[in-house]
Protein chains: 2
Amino acid sequence: MTPRKLEIFQTALSLMKSKGYANTTMRDIASAVNMEAASLYNHIASKEDLLAITCFDLADQFEKGILEVNDIYFDAKEKLRMAIEAHTQILTTNLDASYVFIHEWRHLSADKLNEFKHRRNQYENGFIEILKLGENEGVFNEVDEKFVVITILSTLNATIEWYKPNGAFTPKQVANKLSDFILNGLLNIKN
Amino acid sequence: MTPRKLEIFQTALSLMKSKGYANTTMRDIASAVNMEAASLYNHIASKEDLLAITCFDLADQFEKGILEVNDIYFDAKEKLRMAIEAHTQILTTNLDASYVFIHEWRHLSADKLNEFKHRRNQYENGFIEILKLGENEGVFNEVDEKFVVITILSTLNATIEWYKPNGAFTPKQVANKLSDFILNGLLNIKN
DNA sequence: TTGCAATACTAACAAGCGTTAGTTAGTGTA
DNA sequence: TACACTAACTAACGCTTGTTAGTATTGCAA
């Protein structure tokens with residue numbers, strides 16, 4: 001990844017974050033990096049590559065995170081906190097890419113779309129494993145795992161809608177807020 | 001709204017749900033209702049109208065819901081449950097429209113986009129009102145309200161990713177699951 | 001029965017799209 | 001000096017898009 005290619009990716013992701021994939025043209029991206037649209041093709045193969053490489057690179061990171069958590073022996077509560085922290089770390093350190101990943105993946109072409117969905121399913125299964133462990137331990141409430149895992153991931157992904165890299169919270173602090181919310185809920189324990 | 005116009009809207013929303021707004025062409029919609037693209041313009045003014053009318057109609061419903069909840073005297077816990085139920089009712093009884101509302105609103109043109117964001121902010125403020133009430137009552141944990149309201153709404157909106165109208169749960173049951181999750185969290189109280 | 005409004009059609013336009021072809025200037029290497 | 005490589009350019013292609021103009025058909029109201 002040459003510096004110029006990196007610049008193109010970062011610029012493209014930033015544009016796609018604010019305007020969406022479909023509304024971001026190659027000419028938009030080109031003019032944002034001061035070149036002609038045709039010149040982009042010296043660096044990337046196609047517009048879809050920008051999306052696909054971004055999506056699958058992040059998918060790699062997410063998978064690596066959940067696999068590491070599930071490879072280690074810990075109780076479910078601790079595992080869930082670790083998985084949440086890993087997820088949050090990736091989101092907050094790749095804000096634009098994460099935004100595109102979460103909102104624009106359905107613009108992938110058919111075969112890549114299938115692969116993407118399959119890998120997302122596997123990732124969800126990693127969380128379901130933790131939930132089941134917690135239920136066996138008696139630590140988590142018995143839940144509809146599919147419902148809960150979608151809910152948890154939506155909760156985590158909401159981070160990209162408000163997080164500012166130089167704002168009040170470190171990624172670790174965000175992860176703790178999210179873990180507390182997911183584990184304890186909104187109610188004050190006294191009540 | 002004539003029957004034919006209704007059919008066009010429902011068909012368009014269904015297509016936009018599966019393919020996205022940008023990838024759904026007027027010719028797609030037309031052929032799905034067995035007419036030519038040009039004929040659609042006897043019923044609707046533009047492609048964006050399909051999106052805008054859908055978004056603002058749902059916005060009306062959401063606003064009405066939160067206003068009713070906040071106009072009634074109740075404790076915060078009950079109010080939050082009511083707001084969650086109202087939100088879930090609208091989502092589950094307008095699945096395609098809700099999907100488009102949640103995922104495609106950013107394709108609105110500039111001025112409508114501003115109005116949309118403004119109204120979404122007002123809706124969030126309705127929830128923040130409940131959160132503050134709950135903190136004053138000592139019932140809710142002290143929280144960063146902006147963080148929590150975005151998190152809650154993301155949690156609620158995740159419903160459209162899995163809910164099936166003729167599936168196992170009524171809207172009311174879904175609302176209860178969501179309320180329980182948001183209020184109590186995942187942890188078994190015994191622990 | 002006439003006339004009008006609603007609804008469909010065919011044909012086409014202007015704009016914008018991603019991408020390719022062919023070329024050129026600059027840079028480092030044999 | 002000669003060559004190859006990189007990265008930029010101009011020009012254009014083929015296609016799709018939302019939309020408009022103009023016209024035909026239909027069914028109800030007068």
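The figures that follow rest on heavy atoms only: side chains count, while hydrogens, waters and symmetry mates do not. In what follows, chains carry the letters A, B, and so on, assigned in the order in which the sequence lines appear, proteins first and then strands, with residues in each chain numbered from 1.
- A donor and an acceptor atom, one from each side chain of A/S179 and A/N176, are nowhere located under 3.5 Å apart.
- The ring of B/Y123 has its center closer than 6.0 angstrom to the ring center of B/H87.
- With ring centers used as reference points, A/F101 lies under 6.0 Å from A/F62.
- Contacts of A/S39 with the nucleic acid, taken as non-hydrogen atoms under 4.0 Å apart, include base atoms.
- Counting to the nearest Å, the P atom of D/dT17 and the CG atom of B/L15 are 13 Å from each other.
- Residue A/T2 is out of contact with every strand shown, counting any heavy-atom pair closer than 4.0 Å.
- Side-chain proximity of B/A38 to C/dT20, C/dT10, D/dT19: nearest is C/dT10.
- Counting to the nearest Å, the P atom of D/dA7 and the CD1 atom of A/I44 are 13 Å from each other.
- Looking at A/N42, its side chain comes within 3.5 Å of the base of D/dA8 through a donor and an acceptor atom.
- In this structure, A/R4 does not reach the D/dT6 phosphate: none of its side-chain N or O atoms is under 4.0 Å from OP1 or OP2.
- Counting to the nearest Å, the P atom of D/dA11 and the CE atom of A/M26 are 20 Å from each other.
- At distances below 3.5 Å, at least one donor-acceptor pair connects side-chain atoms of B/K47 with backbone N or O atoms of B/Y21.
- Note: CD1 (B/I8) to P (C/dA6) measures 15 Å, nearest angstrom.
- At whole-Å resolution of the value, NZ in B/K47 and P in D/dT16 are 15 Å apart.
- A sub-4.0 Å separation between OP1 or OP2 of D/dT6 and a side-chain N or O of A/H43 is absent.
- Separating the OH atom of A/Y41 from the C1' atom of C/dC17 is a distance of 9 Å, rounded to the nearest angstrom.
- Taking atom CD on B/E36 and atom P on D/dT17, their separation rounds to 14 Å, with Å as the unit.
- For B/R27 and D/dT19, the shortest distance from a side-chain N or O to OP1 or OP2 is not below 4.0 Å.
- No cation-pi contact links B/K112 to B/F56, judged by a cut-off of 6.0 Å to the six-membered ring centre and 45° from its axis.
- If you take CG of A/L50 and P of C/dC17, they are 15 Å apart, rounded to a whole angstrom.
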